[in-house]
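First the structure, in the form of structure tokens, and then the observations on it.
Note on naming: letters A, B, ... go to the chains in the order of the sequence lines (proteins, then strands), and numbering restarts at 1 for each one.
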Amino acid sequence: DTGVSQDPRHKITKRGQNVTFRCDPISEHNRLYWYRQTLGQGPEFLTYFQNEAQLEKSRLLSDRFSAERPKGSFSTLEIQRTEQGDSAMYLCASSLSRREQYFGPGTRLTVT
Amino acid sequence: KQEVTQIPAALSVPEGENLVLNCSFTDSAIYNLQWFRQDPGKGLTSLLLIQSSQREQTSGRLNASLDKSSGRSTLYIAASQPGDSATYLCAGLLNAGNMLTFGGGTRLMVKP
């Protein structure tokens, strides 16, 4: 049984660099979500896909952020021109339609 | 806009004690509510999911209840153990929404 996986688990980058994260959902799940969590806070929604279509984006998702799910399977989240405020844990989740969401281990991003 | 609040923010109890964690939400049009556990630096583990038509769900020593009319959910942990020490998060999915809205979490420490 494979759950949601994310890669890398940790990423340290310098301000201004671009970073890309990958999420592999549970195979039969048609929905995939990205959330961001800062220290001491609950996760906040960024965006979600149903199959390959990106159906909703939060206002938190600035123009520097882009997400894709090209074949309705894995997804990537790219942050361009990183800023120190982007430092956070980026969490991916998947679900079968509107059922229970299962989360991955997260990618911790540190921007120096 | 849905707002989710968890009180207390932190809780310390001796091993063996029964305890209740509280979650309140402002919009009663809940589709479902999930309780999660998060260990430091890790992803979220789903503990219980309560559908809007249900009043409670049980899993082992955990029991979660949902009262939509009062905008409250509780997570009851029986006979707490040091291994229960973690942050517990509740999150609601609205009837008209597609993302989970999280509370800030309750950080639980169970002392041996």
Q. Distance from E100(A) atom CD to L100(B) atom CG, nearest 0.5 Å?
A. 10.0 Å
Q) Can you tell me how far OG of S46(B) sits from CZ of F103(A), rounded to the nearest 0.5 angstrom? A) 9.0 Å
For [X], does the [atom1] atom have more than 12 heavy-atom neighbours from other residues, nucleotides or ligands under 6.0 Å away?
X      : atom1 : answer
L96(A) : CG    : yes
E44(A) : CD    : no
F45(A) : CZ    : yes
K11(A) : NZ    : no
R61(B) : CZ    : yes

Is there a path from [X] to [Y] through hydrophobic residues (I, L, V, M, F, W, Y) whose side chains come within less than 4.5 Å of each other?
X      : Y      : result
L47(B) : L66(B) : yes
L93(B) : W35(B) : no
L46(A) : L32(A) : yes
I50(B) : Y31(B) : no
L21(B) : F25(B) : yes

Under a 4.5 Å heavy-atom cut-off, does chain A meet the side chain of [X], its backbone, both or neither?
X      : answer
N95(B) : backbone
L44(B) : both
Q51(B) : neither

Q) Between L89(B) and P43(A), what is the shortest heavy-atom contact and its length? A)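 The answer is CD1-CD, 4.3 Å.
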Q) Within residues 50-80 of chain A, which positions have a heavy-atom distance to chain B below 4.5 Å? A) E56(A)
**Q.** Heavy-atom side-chain contact between Q37(A) and F102(B) under 4.5 Å
**A.** no
Q) Can you check whether N98(B) reaches R31(A) side chain to side chain, under 4.5 Å on heavy atoms? A) yes
Q. Does R98(A) reach the main-chain N or O of G97(B) with its side chain, forming a donor-acceptor pair under 3.5 Å?
A.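 Yes; at least one donor-acceptor contact below 3.5 Å.
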Q) Highest number of heavy-atom pairs under 4.5 Å with chain B: which of Q6(A), M89(A), Q41(A), R99(A)? A) M89(A)
Q | Heavy-atom pairs under 4.5 Å with chain B, option from G106(A), S95(A), P105(A), A93(A) with the top count | A |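 If we count pairs closer than 4.5 Å to chain B, P105(A) comes out on top.
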